Structure formats: C-alpha cells, structure tokens
Chemist: 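One structure follows; several queries about it will come next.
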Amino acid sequence: MPIPTGIPVCPRGLEYLTMIDQLLVHQKVELLEAFLSFETKNKYTIKNSLGQKIYTAKEDTDCCTRNCCGSARPFDIKIKDNAGNEVIHLNRDLRCDSCCCPCCLQLLEVSAPPGQLVGRVVQEWSILTPQFRIENASGETVLRIEGPFCTFSICGDVEFEVLSTNGVKVGKISKQWSGLLREAFTDADHFGITFPMDLDVKMKATLLGALFLIDYMFFEKTGNKESDRPDFKLVKIASVPPPLFLKLKEQN
C-alpha cells in the first residue's frame, strides 16, 4: 500500500492508519498444531476493508513458554509493514486474567516505533463481562472495551464494544465466524476492528494491540481445546476425512 506523507505527529509506519476506520486480521492456519496439538508461533495478516495486506504480525516466544503456559503465556508480537520494517511492538507479561486476582490482571504495552510507548491495554476487575481500558502513554484513559457475558459462539460473531469514556459506542472488535471446519480444528481465527476515522493514530495502534490480547485471552486453544467454551473437546485433525482436510489446507 502507498504510504501517505506529510502527516504530523505520526509514528513512522502508521501513516496509513490515519486514512482508515477498520482493519481485518486473519490468523494463519498452523497444520502442526492441528496434527499434534503442539503450540507454534502465531502469525497474522492485517488487511484493509478491500483485502489488501497492510501489515504482518508474528509472535516472538520460545517453545517452552508456548507449550507450558498455553494461552496465558507472555509474548512479544512484532508487527511489520510490507517492506519488513517493524512498526509496532506488543508486549504482554505473564499475569492472571481471573477476577479472583484483581491485583495482577492483564496488561499489554504498545510501542510505535519499537521502544517508544504509545499506549496500554489494561484489564479491569469484573465478574460478569470482560472489561478493559485503553490508556495513552501518560496513563490517561482514552477508551474502554466491554465484552459480552459469554464469548462462546456457534455460527455467529462475538463482539467486544469500543466505548468512549462517557459510555458511547465508537467502534468494536469482532471475532468473526470463519466456518465450522476452521473453527473446530484450528485456532486460526478471523477478527475485525472498527474505530473512528479521526481517532489518534497511536490509539488505533493500541486498539489493534487490544485485539491480539483478546484473541489470546478468549479464543486461543490450548492442546486443541478452546479456552472460551465449556469443556468443548476437539478431536485431532488427523481424524478428519481426506476431502475435509484438503479443504482446510486450501483455506490456508
């Protein structure tokens, strides 16, 4: 995508975000995970509404962390432009996400460019619904995110509302239904995110970071089991009939 020029107070590499109000994030299917329940590094493609690739994102973790800590694992995610330059860096420490531990809830830091903090995604204590706040680099709350009571979905999207500080809905993060085959046998999810066109580009980058945190917290499988649904056990892809397996491979 062409990079617009002459935009003041915009971290290098984020210029294109000033021109859009939505993004699509597609996670790559990892067949090794589906076959062996072996956690590999998550990889994503970030596109605009026309399906044009804007960025790529890749998890930076070691094998032991991924397979011992599962979806709760700490991670660094490097988001790069089409030229291979890292433009956004996400960092998540090992923390709790349970309402039983309100003093050590989830925190994700967003840097753009790497090393320059632009915002944080902070989980808030809540019993009924997932709650997050979006902070700027100074620690001021700019936006809030409120999830549904149940993140379990069948043939439908799961939406997390993006709210202004006075409770007005200004956008959303959606975990999109990507088909029975992909949903049942992989953790390669599809997401969409919308936000105001005139939102500070740094907060757009922070909301993108919130999307990845929500993916890991609610939709990442551990050992081929969904963490967001009640004891829904999944069979290994090796038991899938050949025609269905080939279809899954084509979707990748």
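A quick note: this is a predicted structure, and the numbers were derived from the prediction, not measured.
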Chemist: Who are the salt bridge (Lys or Arg N to Asp or Glu O under 4.0 Å) partners of R144, not counting sequence neighbours?
Modeler: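 Here the qualifying residues are E124.
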
Chemist: Find the distance between CD1 (I145) and CG (L213) and round it off to the nearest 0.5 Å.
Modeler: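 I145 atom CD1 to L213 atom CG measures 8.5 Å (nearest 0.5 Å).
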
Chemist: Looking at every heavy atom in both G13 and V87, which two are closest together, and how far apart are they?
Modeler: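 In this case the closest contact between G13 and V87 is CA-CG1, 3.6 Å.
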
Chemist: Can you find a heavy atom in the side chain of Y16 that is under 4.5 Å from one in the side chain of D81?
Modeler: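 Answer no - side chains too far apart.
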
Chemist: So, do H190 and H26 sit near enough that their side-chain heavy atoms are less than 4.5 Å apart?
Modeler: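 Yes. Closest side-chain heavy atoms under 4.5 Å.
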
Chemist: Is K172 paired with E161 through a side-chain N to carboxylate O contact shorter than 4.0 Å?
Modeler: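 Salt bridge flag = no for K172 with E161.
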
Chemist: Set out, in order, the CA-CA distance, both residues' side-chain angles and the distance that settles ring pair (Phe, Tyr, Trp, His ring centres under 6.0 Å) for F132 and F160, then state yes or no.
Modeler: CA-CA 10 Å; F132 303 88; F160 289 71; 7.1 Å; no

Chemist: If hydrophobic clusters are built from ILVMFWY residues whose side chains come within less than 4.5 Å, do L163 and L211 share one?
Modeler: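 No, L163 does not connect to L211 through the hydrophobic network.
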
Chemist: Considering only heavy atoms from C-beta outward, does the side chain of K202 approach that of N136 to under 4.5 Å?
Modeler: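 A side-chain contact is absent here, since even the closest heavy-atom pair is not under 4.5 Å.
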
Chemist: Are L50 and L24 connected, step by step, through hydrophobic side chains (Ile, Leu, Val, Met, Phe, Trp, Tyr) whose heavy atoms are closer than 4.5 Å?
Modeler: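 L50 does not cluster with L24.
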
Chemist: Could you work out the complete set of other residues in the hydrophobic cluster of L94, with links drawn between I, L, V, M, F, W and Y side chains under 4.5 Å apart?
Modeler: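 For L94, no cluster forms, as it stays isolated from other hydrophobic side chains.
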
Chemist: Which atoms form the tightest heavy-atom contact between K41 and K58, and what is the distance?
Modeler: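 Heavy atoms only, the tightest pair is CD-CE, 4.0 Å.
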
Chemist: Just wondering, do L207 and L23 contact through their side chains at under 4.5 Å, heavy atoms?
Modeler: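 No; the side chains remain at least 4.5 Å from each other.
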
Chemist: Are E109 and R120 close enough, and set up right, to give a side chain to side chain contact (heavy atoms under 4.5 Å, CB included), and what steps lead you there?
Modeler: CA-CA 5 Å; E109 293 187 336; R120 298 181 181 88; 3.6 Å; yes

Chemist: So, do V121 and I134 sit near enough that their side-chain heavy atoms are less than 4.5 Å apart?
Modeler: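 Yes - at least one pair of side-chain heavy atoms lies under 4.5 Å apart.
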
Chemist: If I take atom CD from residue E59 and atom NZ from residue K78, how far apart are they, to the nearest 0.5 angstrom?
Modeler: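 Spacing of CD (E59) from NZ (K78) equals 12.0 Å.
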
Chemist: Distance from M19 atom CE to N48 atom CG, nearest 0.5 Å?
Modeler: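 So the gap between those two atoms works out to 9.5 Å.
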
Chemist: Check whether M197 and V142 end up in the same hydrophobic cluster, where Ile, Leu, Val, Met, Phe, Trp and Tyr are linked by side-chain heavy atoms less than 4.5 Å apart.
Modeler: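 No, no single cluster joins them.
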
Chemist: Would you find a donor on one side and an acceptor on the other, under 3.5 Å apart, between the side chain of K204 and the backbone of Q22?
Modeler: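 Here the side-chain-to-backbone pair does not exist.
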
Chemist: Can L199 be reached from V170 by stepping across I, L, V, M, F, W or Y side chains whose heavy atoms are under 4.5 Å apart?
Modeler: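 As far as the 4.5 Å side-chain criterion goes, L199 and V170 are connected within one cluster.
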
Chemist: With rounding to the nearest 0.5 angstrom, report the CG to CG distance, N42 to D60.
Modeler: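 CG of D60 is found 12.0 Å from CG of N42.
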
Chemist: Whether the side chain of K175 engages the backbone of I214 through a donor-acceptor N/O pair (distance < 3.5 Å, no angle test) should be reported.
Modeler: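 No.
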
Chemist: Any side-chain heavy atom of Q27 within less than 4.5 Å of one from F219?
Modeler: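 Not in contact.
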
Chemist: By the definition side chain to side chain contact (heavy atoms under 4.5 Å, CB included), identify the one residue from V25, T45, L14, N82 that meets it with Y55.
Modeler: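 Single pass found, and it is L14.
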
Chemist: Is there a continuous path of hydrophobic side-chain contacts, each under 4.5 Å between heavy atoms, that joins L143 to V168?
Modeler: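 No, because L143 and V168 fall into different hydrophobic clusters, even though each may have its own neighbours under 4.5 Å.
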
Chemist: Between atom NZ of K28 and atom NZ of K43, what is the distance when rounded to the nearest 0.5 Å?
Modeler: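 That separation rounds to 4.5 Å.
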
Chemist: Under 4.5 Å between any side-chain heavy atoms of P148 and V158, yes or no?
Modeler: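 Yes. Closest side-chain heavy atoms under 4.5 Å.
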
Chemist: Who else is in L107's hydrophobic cluster (ILVMFWY, side-chain heavy atoms under 4.5 Å, direct or via others)?
Modeler: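 Direct or chained contacts put L107 with V122.
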
Chemist: If the condition is ring pair (Phe, Tyr, Trp, His ring centres under 6.0 Å), which residues does Y44 pass it with, not counting sequence neighbours?
Modeler: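 Ring pair (Phe, Tyr, Trp, His ring centres under 6.0 Å) list for Y44, sorted by chain: F212.
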
Chemist: Applying ring pair (Phe, Tyr, Trp, His ring centres under 6.0 Å), can you list everything that pairs with H89, at least two apart in sequence or on another chain?
Modeler: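 Residues passing ring pair (Phe, Tyr, Trp, His ring centres under 6.0 Å) with H89: none at all.
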
Chemist: Search all heavy atoms of P74 against all heavy atoms of D93 and return the closest pair with its distance.
Modeler: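 For P74 versus D93, the nearest heavy atoms are CB-C, 3.8 Å.
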
Chemist: Tell me the closest heavy-atom pair linking M203 and G119, and the distance in Å.
Modeler: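 M203 and G119 have their closest heavy atoms at CE-CA, 4.4 Å.
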
Chemist: If you look at every heavy atom in L117 and V110, which pair is closest and at what distance?
Modeler: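 L117 and V110 have their closest heavy atoms at CD1-O, 3.4 Å.
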
Chemist: Would W125 and L105 count as a side chain to side chain contact (heavy atoms under 4.5 Å, CB included) here? Give the steps.
Modeler: CA-CA 8 Å; W125 186 83; L105 295 176; 4.0 Å; yes

Chemist: Does a side-chain heavy-atom distance below 4.5 Å link I46 with L208?
Modeler: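 Counting from C-beta outward, I46 and L208 do come under 4.5 Å.
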
Chemist: Once side-chain contact (heavy atoms from CB on, under 4.5 Å) is applied, do any residues pair with D198, and if so which ones, sequence neighbours excluded?
Modeler: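 In terms of side-chain contact (heavy atoms from CB on, under 4.5 Å), with neighbours along the sequence ignored, D198 is linked to P196.
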
Chemist: Please give me the minimum heavy-atom distance between C10 and T18, naming the atom from each residue.
Modeler: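 Minimum heavy-atom separation between C10 and T18: SG-CG2, 4.3 Å.
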
Chemist: Just by modelled atom types, is the E159 backbone N or O under 3.5 Å from a matching donor or acceptor in the D157 side chain?
Modeler: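 Judged by distance alone, no pair lies under 3.5 Å.
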
Chemist: Rounded to the nearest 0.5 Å, how far does CG of D76 lie from CG of L90?
Modeler: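 Taking CG in L90 and CG in D76, the distance rounds to 8.5 Å.
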
